[in-house]
Structure formats: C-alpha cells, structure tokens
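In what follows, a single structure is set out as structure tokens and then discussed.
Everything numeric here is computed off the predicted structure, so don't read it as measured data.
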2 protein chains.
Amino acid sequence: MPRSKEQNEQIKEERRSQILTQALRLFASRGLAATKIADIAAAAGVSQGLIYHYFSSKEEIFTELIRHAYAGINAAARYLEELPAPPAAKIRLAIEGLLRDTVQNEDTARFYLLTAQATGSEAIPEEARRIIRQENRLPYEVMARIMRQGQQDGSVKPHPPEDMALVFWTSISGLAINRAVHGAEFKAPNPEILIHTFLA
Amino acid sequence: MPRSKEQNEQIKEERRSQILTQALRLFASRGLAATKIADIAAAAGVSQGLIYHYFSSKEEIFTELIRHAYAGINAAARYLEELPAPPAAKIRLAIEGLLRDTVQNEDTARFYLLTAQATGSEAIPEEARRIIRQENRLPYEVMARIMRQGQQDGSVKPHPPEDMALVFWTSISGLAINRAVHGAEFKAPNPEILIHTFLA
DNA sequence: GTCTATATCCAGATAGAC
DNA sequence: GTCTATCTGGATATAGAC
C-alpha cells in the first residue's frame, strides 16, 4: 500500500527541517564557506544527493536560515513594542527573556551567532544580504523608541537613546555569541548588571 | 649593483607585513575559508606564487594573525593590571581606551572580529586553536581581579566579579564587532553608559 | 523519496624560469 | 625576490537507478 499524500508531505517537512537544523548547527560553528554539503548530509543522516532534492544549493539553505532568524527576532521586537507595559518593564523583560532564551535554547544562541557572522561577512549570498539590509534595523529602532519613552517618564538614564539601543544589542549579542561559542560551560551573568546599565 | 643584505631584509619584511595586513582585512570581512589565496595576493599586489615564498599555507597566515592579536590584547591586559591606579580608574581607562582604539584604528576592530570569529569557529588551524585556548583567559582573569579589588574599596557594584568581567568583555567585543561590520558609519556610544554598568 | 556514481570546476600548493 | 604555468585534490552539483 503506497503512502498517502499527507504522509509524503509529512516526511518532506521532517527531512527539510532536519537538514535545516543540522545546517544551522554547522554554519554556526564553522561558517558558511567551511561547511561542506557532505557535512550537512552526514549530520542529518541522509545522502549528499538528497540535500539537492530539498534545496537547490548550499547558499539557499543558508539564506533560508537567515530569513527564519530575522523573522523571529523582528517578531519579538514587534511583540515587545506592542506590549501594554511601561518602558522600564519592557527593558527588564527583554533582558531577562533574551538571556534566559540564550541559555536554555542552544539554537537561539546559534541564530545569534549566524546573524552576527552573516552581518559581518561579505562572503554571503546576495539574497541573504538583501534580507539583512532590510530587516536588521528594526530591533535597534524599537529599542531606541523604548529608551526614549523611558527617559520621558524618568525611568531610563539620560544618555542618547540611539547609544543606549546600540549598547543594548551589542551587549546581548556579545553574550549570545559567547554562549554559542562556549556551549554548556557558559554561565549567564546576573541580568541585573545589564538592567542597571539602562534603568535609572 | 646588487642589493645589500639589509635592503633584501627590508623588502622581505615589507612584503610580509603587506600580505599580513591584507589577509587580516580579508579574513575579518569574509572569514578564513571564504578568503582565497588569490584574493590575498591580489589585495597585496603580488603574485599568487609569492605568497608561498613567505608563508607555507593560508592557515599559517591565519595563525600568525591570531598570534599577533592575542599578543597585543594580553600585553594590554598586563599593562592595565600593573598600572599604579585605583581599580575604578583602571576600569574607566580601559573602557575609554578600548572604545577609542576601536573607533580610530580599523585594524584594531578587525583583530577583535578575527578573534571572535576564530574563537567561535571549529574550522580553524590546530595551532591557532592552541593559541586561543592558551591565551584567551587572561583578559577575563585580569578584569575579574580588578572588579574584585574595586568591590573591596566600594567603587565597583557588588555583583559577582566573574559576571562583571564577562559582561565587560562581551560588551566591548560586541561593540568592536559592530564597528568592524559597519565601518565608517559606526558611531561609538558615550563611554559613560558602559562605565556606569560597573562603577557604583 | 532516496541512494550511488560521476562530471565539472575551482582553489591550494608546487615547479621552474627569469 | 618574483612571476607564470601547472598539478592535484576536494567540493558542488547532476544523472540515473531503485
């Protein structure tokens, strides 16, 4: 008895996400250029040829991961901005949440590493570059707005909001990168250290 | 009339450092694996073959740069520790100096990017890995000691010194990476933001 | 949907002339 | 000290069988 359409669809989705998960792991730990299709295939437990049944090239896999990473980050940024809470609470929540996520979910840390690498690298697919150019401003802008609002109600320190947003994101991504690099032996710092960098 | 020994030596040193400088620029912007020997040769304005007159492989060039980067960072760390100044002044000096260096000297920012990449990557030469394993703890240890001393005289906030050192270095390197990535359009934040993260 | 076998290309490294 | 020409290996991507 042949498989039904639904079963085939399910297998397809499973394989696809298997491949993407392993590719993320490898790209994050070695970079795009140093990761071989053969490595991804081996890690995902499939043949090299099968990769090309699901993706047209290594670059397409990478681009897909970048797309997914920014979708997540920007959804979180929008969610934070919409949240019915005072600015100080949003900042606290963001720092605590981001640090917790980073520590608990290794893939989250890997996505940070991937975007950091990709943003910094000139050796990435054109389409990935396009996505980054288009998507990577939002988190900064949202955070700068929250900082500005917090300064109006006096809960945030009176430095330039853009500077504060920059320090916010570079600190978070610096920590996330450290986490991704050091794996399980990473110990997250007390969130209060960062929180008091911004709150008055 | 043939060139003297001294002139030959001088040419040799010049070429070597030319190659290293261009390799740093390229490795920082694309990573080790994505940088081709042909790219380095072209950027340095020499033939591909000549590269192998000065270095035995692409990996040796990379390793040499890593060695140089850690030598500089650790010399700075030792210098800071020896400095006859109170802990709070050292922290202030370090942050101001590191931010200034990072902004003024693009190569400094590139070295940060290089070490960040290298520390995070599994795809680097064995010898480079050895250097990193051996050298990358010192800055953390020095900064943790300074934080601890600062807590004893009450000038530094009472969070765990190791956490403070971690936040210190991940923030600095996060900013340096941002600087290397965004080039001239990067605007350094007010150092006071970071300084008050640590000082009481 | 999955595999094995293979064509093709490109990058690292070497050889030898000047 | 520097170049051009070339060898060689390995990685991407394709073809075709099951």
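Closest-nucleotide positions on DNA chain D for B/Gly49 and B/Lys12 were compared, and the one nearer the 5' end corresponds to B/Lys12.
By the neighbour-count criterion of 12 heavy atoms within 6.0 Å, atom CD of B/Glu141 is densely surrounded, having more than that number from other residues, nucleotides or ligands.
Nearest to the side chain of A/Ile11, among D/dT2, C/dG1, C/dA11, sits C/dG1. The side chain of A/Lys58 sits closest to D/dT12 out of D/dT12, C/dG1, C/dG12. The side chain of B/Asn8 lies closest to D/dG1 when the candidates are C/dT2, C/dA13, D/dG1. Taking the side chain of A/Tyr54 as heavy atoms from C-beta on, and the options D/dG1, C/dT2, D/dA13, the nearest nucleotide is C/dT2. The nucleotide whose nearest atom lies closest to any side-chain atom of A/Ile37 is, among D/dT12, D/dT2, C/dG1, D/dT12. With C/dC3, D/dG1, D/dA11 as the choices, the nucleotide that has an atom nearest any side-chain atom of A/Ser47 turns out to be C/dC3. Taking every side-chain heavy atom of A/Val46 into account, C/dC3 is the closest of D/dT4, C/dC3, C/dG12. Closest to the side chain of B/Leu50, out of C/dA11, C/dG1, D/dC3, is D/dC3.
Between B/Leu32 atom CG and C/dA11 atom C1' there is a gap of 13 Å when expressed in whole angstrom units. Note: CD (A/Glu59) to P (D/dT12) measures 9 Å, nearest angstrom. One can place CD1 of B/Ile40 at 11 Å from C1' of C/dG12, the figure rounded to the nearest angstrom. Atom-to-atom, NZ of B/Lys36 to C1' of C/dA13 comes out at 16 Å; the value is rounded to the nearest Å. Whole-Å rounding puts the A/Glu13 CD to C/dG1 P distance at 11 Å. One can place CD of A/Gln48 at 9 Å from P of D/dA11, the figure rounded to the nearest angstrom. Here C/dG1 presents its P atom at 13 Å from CZ of A/Arg16, a figure rounded to the nearest Å. Atom P of nucleotide C/dA11 and atom CG of B/Asp39 are separated by 8 Å, given to the nearest angstrom.
Cluster membership for A/Leu175 and B/Met143, using ILVMFWY side-chain heavy atoms within less than 4.5 angstrom, is shared.
The shortest distance between the side-chain N/O atoms of B/Arg15 and the OP1/OP2 oxygens of D/dT2 is below 4.0 Å. Dashed line: the shortest gap from a side-chain N or O of B/Tyr52 to OP1 or OP2 of C/dA13 is under 4.0 Å. When the side-chain nitrogen and oxygen atoms of A/His53 are compared with OP1 and OP2 of C/dT2, none of them lie within a distance under 4.0 Å.
The aromatic rings of A/His196 and B/His159 lie parallel to each other, their planes meeting at an angle below 30°, with 60° marking the opposite boundary.
Between the side chains of B/Arg148 and B/Gln151, no donor-acceptor pair of N or O atoms lies under 3.5 Å. Defined by atom type and a distance below 3.5 Å, a donor-acceptor pair is present between the side-chain atoms of A/Ser56 and A/Glu60.
Nearest heavy atoms, B/Arg179 versus B/Thr102: NE-O, 3.1 Å.
At a threshold of 4.0 angstrom between heavy atoms, the contacts of A/Ser57 are confined to the sugar-phosphate backbone, with no base atom among them.
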